[in-house]
Amino acid sequence: MGKWRSGFVFGNPTRLLRSASHFHRFSRFPSPSNISPIFFSKSSFSSKKTTMAERTPHSHSSARRGQSHRGNRSVEGKKIWVKVDHGNKSPQTVNTPQQRQSSPGRKEGDGESLRALRPFDICRSGGVDTVRLKASLLELNREKRKELVRSACMSQCHNLRSGMILLKNHLSHEDQVKIIRTCQKLGIGIGGFYQPSYNDGAKLHLQMMCLGKNWDPEAKYVDVRPVDGAKPPEIPEVFQKLVKGAIQASHDFLLRQNKHINVEDELPNMSPDLCIINFYNENGRLGLHQDRDESPQSIAKGLPVVSFSVGNSAEFLYGVERDVDKAEKVVLESGDVLIFGGKSRMIFHGVSTIQANTTPKLLVEETKLRPGRLNLTFRQY
């Protein structure tokens with residue numbers, strides 16, 4: 001057998017294993033890395049073989065469950081205590097991800113619904129499973145300088161067509177941080193983000209959450225969400241103020257262009273009572289459609305839709321027809337606000353592409369926003 005050095009006690013005490021790799025080959029345990037070696041000489045052990053009746057039946061069963069145990073072995077009338085600790089937690093103590101609190105109307109047993117309702121966090125948790133390189137100090141300083149220049153400049157306004165105004169860089173960095181953190185907090189609670197679908201099983205390529213009133217692809221506007229009976233959270237006051245400020249900025253822009261214009265005819269004022277929040281990952285998209293599920297009175301008055309863009313840039317399509325080839329395109333960047341109402345209230349619009357890695361680095365560093373685009377559209381029902 002050669003000269004014995006150090007080994008591990010396992011099963012029959014007369015069997016000695018010369019190395020960790022030798023132990024790994026013969027044992028049923030997942031890894032020998034956490035087991036302490038015990039040093040004995042060859043002469044320290046009796047040559048008597050143990051029978052199955054002499055072995056501790058609990059030792060192997062508990063080891064298979066990944067629990068720590070102690071086993072005693074008789075060697076020349078003495079007991080040797082061997083502590084085996086695999087570093088694994090028992091099933092009863094394994095930490096599970098925080099689950100969203102069940103809503104009263106949730107349907108039990110619906111597998112598809114349960115999968116669609118798993119909590120979705122728009123921000124990275126920062127756990128051990130997250131691999132992300134931290135931005136260098138040089139990159140952060142560069143982003144801070146860009147943000148200072150951007151804040152010093154006035155929001156650039158563009159009149160895309162009658163009743164359709166684009167406010168470039170309207171949302172400040174601080175506003176975007178507030179939006180992300182508020183949406184994250186609401187999104188993991190009751191009535192938070194989920195992946196909506198149609199009755200035929202087709203799913204939208206996004207995560208959605210509604211505020212004020214629920215919107216469903218099939219049921220349209222309802223007080224409770226059909227998929228789980230959840231009631232939507234209310235629109236936070238900070239969002240109300242941002243919407244009011246964006247509409248006022250649009251009116252000021254129109255008056256600068258034409259002092260004699262009636263801004264209420266061009267772009268009516270409104271007080272939002274509902275908001276649809278969509279989070280697109282970098283493969284997300286949304287086909288051309290019209291926002292026509294609001295009340296007939298709201299649509300007849302041309303009350304506008306106010307859209308906030310945060311995160312990655314998106315190629316936004318719009319046109320009078322539901323034809324991608326004839327649609328016009330504009331890139332919406334983080335901090336942009338798009339408003340369409342009046343004569344453009346029933347415009348066809350959609351998102352064709354999400355441009356990866358275009359979120360401002362300073363925003364990602366501060367909020368841990370996931371790669372993707374956060375879009376909030378406010379309306380008055």
Side-chain angles (χ1 to χ4, degrees), residues 120-124 132-135 139-158 160 164-187 193 205-209 211 236 238-239 241-243 245-247 249-250 275-286 305-318 329-340 349-378:
F120 178 78
D121 194 339
I122 62 173
C123 298
R124 296 179 184 273
R132 184 175 181 83
L133 295 177
K134 196 171 183 178
E139 289 178 320
L140 291 178
N141 288 336
R142 186 184 298 121
E143 288 296 322
K144 288 179 180 178
R145 286 196 296 270
K146 288 181 180 178
E147 180 60 30
L148 289 174
V149 173
R150 179 177 172 274
S151 301
C153 298
M154 286 186 60
S155 174
Q156 298 179 356
C157 303
H158 302 275
L160 302 181
M164 192 171 189
I165 306 295
L166 173 60
L167 305 176
K168 294 292 294 182
N169 303 325
H170 180 75
L171 298 173
S172 67
H173 172 79
E174 290 74 17
D175 291 337
Q176 295 178 60
V177 170
K178 290 179 183 178
I179 290 172
I180 293 172
R181 289 178 175 168
T182 303
C183 289
Q184 179 195 24
K185 182 178 179 180
L186 295 174
F193 284 108
H205 298 274
L206 47 82
Q207 294 282 335
M208 186 178 75
M209 170 176 64
L211 305 178
V238 62
F239 289 176
K241 292 180 180 179
L242 291 174
V243 172
I247 294 178
S250 298
C275 175
I276 299 178
I277 305 176
N278 293 329
F279 184 83
Y280 304 81
N281 62 26
E282 294 183 333
N283 298 318
R285 61 187 183 276
L286 186 62
V305 174
V306 180
S307 172
F308 292 173
S309 294
V310 179
N312 279 344
S313 302
E315 291 185 356
F316 183 82
L317 304 179
Y318 64 97
K329 180 175 69 175
V330 64
V331 176
L332 299 179
E333 300 173 303
S334 189
D336 290 352
V337 175
L338 179 67
I339 305 176
F340 54 96
H349 59 280
V351 175
S352 60
T353 306
I354 303 295
Q355 299 178 355
N357 302 320
T358 51
T359 303
K361 289 184 176 60
L362 188 61
L363 189 64
V364 175
E365 189 69 23
E366 187 166 347
T367 65
K368 303 298 186 291
L369 181 66
R370 292 182 183 275
R373 175 180 181 249
L374 184 64
N375 177 229
L376 296 78
T377 54
F378 298 88

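Note that the numbering runs from 1 along the sequence shown for the chain.
Using the six-membered ring where Trp is involved, Phe340 and Phe316 have ring planes that are tilted, between 30° and 60° apart.
Side chain of Thr182 to backbone of Ile179: no donor-acceptor contact under 3.5 angstrom is found. A donor-acceptor contact shorter than 3.5 Å is absent between the side chain of Asn278 and the backbone of Asn375.
Under the 3.5 Å distance criterion, with hydrogens and angles disregarded, a donor-acceptor pair is assigned to the side chains of Asn312 and Thr359. For the residue pair Ser334 and Gln176, a side-chain donor N or O sits within less than 3.5 Å of a side-chain acceptor on the partner. For the residue pair Arg373 and Ser309, a side-chain donor N or O sits within less than 3.5 Å of a side-chain acceptor on the partner. Counted by atom type alone, Glu366 and His173 present one or more donor-acceptor pairs between their side chains at under 3.5 Å.
In terms of heavy-atom proximity, Tyr318 sits nearest to Lys329 at CE2-N, 4.4 Å. Scanning all heavy atoms of the two residues, the minimum distance from Ser250 to Ile165 falls at OG-CG2, 3.9 Å. Across all non-hydrogen atoms, the minimal contact from Val331 to Gln355 is CG2-NE2, 4.0 Å. In terms of heavy atoms, Val351 sits closest to Ile354 at CG1-CD1, 3.8 Å. Summarising the geometry of Leu167 relative to Ala246, their closest heavy-atom pair is CD1-O, 3.5 Å, with the distance given to 0.1 Å. Smallest separation of non-hydrogen atoms from Thr367 and Cys123: O-SG, 3.3 Å.
Note that OG1 of Thr353 is 4.0 Å distant from CD of Glu315, once rounded to the nearest 0.5 Å. Separation of atoms SG (Cys183) and CG (Leu374) is listed at 4.5 Å; rounding is to 0.5 Å. For the atom pair NZ (Lys368) and CG (Leu363), the distance works out to 11.0 Å, reported to the nearest 0.5 Å.
Summarising the local packing, CZ of Arg285 is surrounded by 12 or fewer heavy atoms from other residues, nucleotides or ligands at distances under 6.0 Å.
The residue from Lys168, His158, Gln156 that alone fulfils the side chain to side chain donor-acceptor pair (under 3.5 Å) condition with Asp336 is Lys168.
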List the steps and the verdict of side-chain contact (heavy atoms from CB on, under 4.5 Å) for Arg370 and Ile122.
CA-CA 6 Å; Arg370 292 182 183 275; Ile122 62 173; 5.6 Å; no
Let's go through Phe308 and Phe239 carefully: what are the C-alpha distance in whole Å and the side-chain angles of both, what is the deciding distance for ring pair (Phe, Tyr, Trp, His ring centres under 6.0 Å) to 0.1 Å, and is it a yes or a no?
CA-CA 10 Å; Phe308 292 173; Phe239 289 176; 7.5 Å; no
